Amino acid sequence: MEVMVKIIQGLSPNTVELGVRNKDSQIDKIISFIKGQEVARIVGKKGDRNQYVPLDICVSFYANQKKVYVSTVDQATFTVNNRLYELADNLPRNFVRISNNEIINLNFVSEFQLSKSGIILIYFKNGTQTSSSRRYLKQVKERLI
Amino acid sequence: MIKKVINNAVIGIVGGVFIGFMISLILSYASGSTTYYPSSMEFVSRFHGTLTATVTSAVLWGLIGVVSAVSSLIFTDTDWSIVKMTVIHFSLTYFICLPLAFLAGWFSFNFGSFVSFTIIWIILYTIMYFTSMIAARKEVAAVNQKLKN
């Protein structure tokens with residue numbers, strides 16, 4: 001694919017304009033790549049302070065009583081302003097949904113286990129754990145390539 | 001979620017009435033009769049005519065369909081454990097579908113058929129539980145294998 005870069009004066013910050021003949025799957029891939037770059041960090045809120053949380057330290061995004069939180073590898077927790085479904089669509093591929101109210105970073109998973117009652121236990125490398133149900137395993141497997 | 005429940009309920013009514021009607025048609029033929037009976041003679045004789053018996057049967061088939069279709073969401077749309085899914089699905093079909101099936105005249109209501117049905121139901125769900133657990137164990141092993149690579 002021929003690539004031409006044109007500087008557009010007056011384009012709003014953090015914006016890329018793509019000029020294409022038609023929108024096909026290749027363009028979709030480029031778009032998701034760009035979006036992937038965009039969310040390499042996320043705004044987290046702790047107390048009344050906002051700060052950037054790099055995605056590569058995020059272990060899990062979870063919803064609890066209509067609020068969304070992110071927990072990091074050093075076990076800090078921040079409130080996030082995005083909804084879980086938005087995160088599921090925009091986070092990089094190593095983030096995968098494992099239940100109705102949680103998205104995890106597969107890079108931090110140390111092991112999956114099936115409990116006696118038939119729930120999937122997920123152990124993280126930082127010693128924390130969570131649980132999932134069987135119906136999400138297929139997607140997890142697909143993401144692990 | 002509510003949309004899915006309503007969706008499945010509609011599919012359940014249509015599917016239940018269709019399947020019920022087909023089975024009763026086949027059974028009517030198989031019994032060598034020349035007229036249509038929605039269910040057993042014993043069931044039909046409880047009504048003034050076949051028309052009321054057929055309408056009652058259709059309502060019961062629809063209800064069985066609704067419970068089956070809606071309760072299947074337990075397996076596809078909840079995050080419950082396999083034990084909880086199996087037990088709650090068992091309870092729904094056993095305590096709702098089974099009485100409906102008896103009411104529809106599929107089985108004559110006596111102690112023997114009740115006990116044999118209960119045993120069959122328990123065996124069926126035990127098999128379901130073990131199959132799900134074995135499949136889940138395989139899936140977990142596959143995911144762990146991929147994680148290591």
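Predicted, not measured: the structure shown is a model, and the values here were computed from it. Hydrogens, waters and symmetry mates are skipped; everything else that's a heavy atom, side chains included, is used. Naming convention: chains lettered A, B, ... in sequence-line order (proteins, then strands); numbering from 1 in each chain.
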Check your understanding: side chain to side chain contact (heavy atoms under 4.5 Å, CB included) with B:Val66: which residues, sequence neighbours excluded?
Key ->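 Counting only residues at least two positions away or on another chain, B:Val66 forms a side chain to side chain contact (heavy atoms under 4.5 Å, CB included) with B:Ala9, B:Ile13, B:Val70.
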
Is it the case that one hydrophobic cluster holds both [X] and [Y], taking links as side-chain heavy atoms less than 4.5 Å apart, direct or via other members?
X	Y	value
B:Val10	B:Phe21	no
B:Val14	B:Val17	no
B:Leu73	B:Met128	no
A:Val70	A:Tyr62	no
B:Leu25	B:Leu60	yes

Report yes if some heavy atom in the side chain of [X] is under 4.5 Å from a heavy atom in the side chain of [Y]; otherwise report no.
X	Y	result
A:Arg134	B:Ser132	yes
A:Ile119	B:Trp80	no
B:Lys146	A:Val140	no
A:Arg135	B:Thr76	no

**Study point:** Closest approach of B:Asp79 to A:Tyr136 (non-hydrogen atoms, all atoms of both residues)
**Key:**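 Scanning both residues, the minimum pair turns out to be OD1-CE1, 3.2 Å.
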
Study note, to complete from the structure: Looking only at A:Ser117, A:Ser99, A:Ser115, A:Ser133, most heavy-atom pairs under 4.5 Å shared with chain B are made by A:Ser117

Return the [atom1] to [atom2] distance between [X] and [Y], rounded to the nearest 0.5 Å.
X	Y	atom1	atom2	answer
A:Asn100	B:Met1	CG	CE	9.0 Å
A:Glu111	B:Asn144	CD	CG	5.0 Å
A:Ser110	B:Leu147	OG	CG	7.5 Å
A:Leu137	B:Lys138	CG	NZ	14.5 Å
B:Ile82	A:Lys116	CD1	NZ	14.0 Å

**Study point:** Contacting region of A:Ile98 [heavy-atom separation from chain B under 4.5 Å]
**Key:** neither

Would you indicate whether [X], at its atom [atom1], is surrounded by more than 12 heavy atoms from other residues, nucleotides or ligands within a distance under 6.0 Å?
X	atom1	value
A:Lys125	NZ	yes
A:Asn81	CG	no
A:Met1	CE	yes
B:Tyr36	OH	yes

Check your understanding: Does the distance from a Lys or Arg side-chain N to an Asp or Glu carboxylate O, for B:Glu139 and A:Lys141, drop under 4.0 Å?
Key ->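 Salt bridge flag = no for A:Lys141 with B:Glu139.
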
**Study point:** Within residues 87-97 of chain B, residues adjacent to chain A where the heavy-atom gap is under 4.5 Å
**Key:**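 Residues in range: none.
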
